[in-house]
Amino acid sequence: MPIKFYNTLTKQKDEFQPIRKGEVKLYTCGPTVYDTAHIGNFRTFLFEDLLKRYLILKGYQVTHVMNLTDVDDKTILRCNSDHISIHDLTEKYIKLFFDDLHRLKIIPADFYPKATEHVPEMIDMVKKLIDNGYAYKSEDNSIYFNIKKFEKYGKLANLNFAEQKTTQRIATDDYSKDHPQDFVLWKAWKKEDGKVYWESPWGKGRPGWHIECSAMSNKYLGENFDIHCGGVDNIFPHHENEIAQSECANNKPFVNYWLHSEHLLVDGRKMSKSAGNFYKISDLTDMGFTPEALRYLLLSGHYRTNINFSVDKKHEALKVIQRINDFYKRLLDLSSNCNKTDELPEAYNLFIKALDDDLNTPEALAVFFEWMRNTNAHIDNNILSDKDIIYAINFIDEVNVVFDLLISRGFRIPTKIVDLANQRQTARINKDWIKADSIRDQILKLGWIIEDAPHIGYKLKSVLEK
RNA sequence: GGCGUCGUACCCAAGUGGUCCAAGGGAGCAGUUUGCAAAACUGUCAUUCGCCGGUUCGAAUCCGGCCGACGCCUCCA
């Protein structure tokens with residue numbers, strides 16, 4: 001079964017056909033590293049992680065590039081106000097970004113090119129655009145792209161520039177442009193830029209924002225590649241401009257499939273620092289959200305809808321993660337004498353069918369939950385065969401390739417907790433319920449949950465929810 | 001002004017013409033089980049899909065109007 005993706009370029013679900021059989025070249029817009037990324041940014045990065053994991057599950061060899069924008073207006077402003085070099089500032093936030101990626105179990109990209117390390121490539125591309133007649137130099141030595149020369153300009157964002165009403169912001173913008181909506185490829189140095197500049201054939205300056213993604217995707221993935229992703233806010237102007245630059249420089253189509261994720265809302269509103277609903281990953285882990293809980297919450301809504309995040313969802317997410325992990329352990333405990341195979345249960349086909357349809361994660365999770373409930377019931381009734389146990393484990397392993405909701409950190413049970421549990425066991429055998437209950441409370445206070453088996457035996461679980 | 005998205009139970013969230021008198025998760029309630037719990041399971045939880053009309057044999061799904069939330073139109077995941 002082929003995968004279908006909603007392609008922003010065609011505005012419909014298209015069957016996915018890679019350029020080279022079995023291979024996918026994927027470019028995802030990365031962070032601007034002048035500040036810490038927030039939960040909204042990670043909604044997009046997690047969508048991209050899901051996409052990549054699913055392509056891997058389907059057997060594709062994925063080459064993934066994520067850029068790091070380490071020079072732009074905000075970054076320069078921040079350096080000047082904090083009296084810190086651009087390198088020191090961006091390295092700090094790059095490190096924090098990688099920490100968060102790791103924490104959320106996002107599979108690392110193959111390349112993380114930095115804008116500042118690819119200026120020559122960008123200059124080359126601007127040169128090509130000038131040579132091909134698509135770009136011009138303004139009075140202040142900046143280079144602009146002439147949108148009138150590119151017939152398809154506006155196709156991705158579905159904007160009609162001939163009838164476009166000029167907004168206040170554009171009208172009061174740069175006077176030296178031929179057309180108000182032309183965008184900058186190379187920005188001439190200004191006093192405020194301080195030490196931040198590169199030499200170019202047009203004098204000192206720095207690259208425009210959009211050119212980095214065109215130049216770097218070109219370098220690492222080729223002039224025409226398969227998939228390009230980002231948040232919906234990138235559709236215009238960023239991705240529209242990337243298309244214009246790349247196609248006019250190379251005279252060939254740029255990207256075949258454009259996938260965009262919707263924004264995340266917090267408590268039904270746009271996240272903002274002033275509204276007090278602005279969260280970084282570290283804020284949420286401090287509140288007790290586990291990486292798996294965050295993955296679940298951000299992947300349980302479809303990527304093209306606004307998902308509504310709220311700290312009130314912590315209980316729901318932790319509960320779900322606990323259920324899945326308990327179920328997995330339950331199966332593993334039953335599997336010791338079973339012969340391994342790589343076969344899968346029927347429900348797996350429905351799971352794949354849901355994800356094939358433009359990554360319908362809510363549907364896929366529904367299939368999984370329903371199957372899990374039935375399988376638990378079969379275990380309760382002791383009617384699950386050895387073969388079924390192995391199929392079930394295989395299924396969860398596959399689900400985990402895509403969602404990664406199994407807790408991989410080992411919880412080592414402290415000796416003290418085991419001792420208490422054993423004392424309680426003795427009390428239970430002696431039917432000393434008062435003592436047994438009091439030890440259970442004590443264990444709970446130490447951060448562990450004890451679950452009894454009928455008559456004798458127990459399980460210990462770490463308290464995930466505080 | 002232009003382009004576009006969304007409104008489904010207490011909360012979250014699929015479904016986009018009949019197999020839906022509407023999946024799945026969380027919360028609640030009742031039960032099985034348990035020394036009691038927990039976990040697991042079972043049952044219950046929207047005669048109805050923002051509102052009003054229309055098309056159709058048939059609509060949550062298509063069309064029109066209205067109400068409400070939101071995005072983009074050169075900062076933005």
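We name chains A, B, ... by the order of the sequence lines, and we start the count at 1 in each one. What you see is a predicted model, and the numbers here were worked out from it, not measured in a lab.
- Residue A:His315 places its side chain closer to B:rG26 than to any other of B:rA14, B:rA39, B:rG26.
- Side-chain proximity of A:Lys319 to B:rG2, B:rA77, B:rA39: nearest is B:rA39.
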Is there a salt bridge (charged side-chain N to carboxylate O under 4.0 Å, His left out) between A:Lys416 and A:Asp419 once you walk through the steps? CA-CA 5 Å; A:Lys416 184 179 179 188; A:Asp419 286 348; over 6 Å; no
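- Side-chain N/O atoms of A:Arg323 and base N/O atoms of B:rA39 include no donor-acceptor pair closer than 3.5 Å.
- Rounded to a whole angstrom, the distance from the C1' atom of B:rU33 to that of B:rC41 is 9 Å.
- Interface remark: the A:Asp452 side chain does form a donor-acceptor pair with the B:rC36 base, using a distance-only criterion of under 3.5 Å.
- Applying the 5.5 angstrom centroid cut-off and the 30 degree plane-angle cut-off, the aromatic ring of A:Phe369 is not stacked upon the base of B:rG24.
- As rounded to whole Å, 22 Å separates atom P of B:rA38 from atom CZ of A:Phe327.
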Stepwise, does the salt bridge (charged side-chain N to carboxylate O under 4.0 Å, His left out) test hold for A:Asp72 with A:Arg206? CA-CA 9 Å; A:Asp72 82 320; A:Arg206 61 187 164 96; over 6 Å; no
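- A:Ser385 and A:Asp388 are linked by a side-chain donor-acceptor pair at a separation below 3.5 angstrom, with hydrogens and angles left out of the test.
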Just to be sure I follow the notation: if a pair is Watson-Crick (purine N1 to pyrimidine N3 plus N6-O4 or O6-N4) or a G-U wobble (N1-O2 and O6-N3), each under 3.5 Å, what dot-bracket string does RNA chain B give, with | for pairs to another strand? (((((((..(((.....[.....))).(((((.......))))).....(((((..]....))))))))))))....
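- Between B:rA13 and B:rU8, the distance separating the two P atoms is 9 Å to the nearest Å.
- Counting non-hydrogen atoms under 4.0 angstrom, A:Ile450 reaches a base of the nucleic acid.
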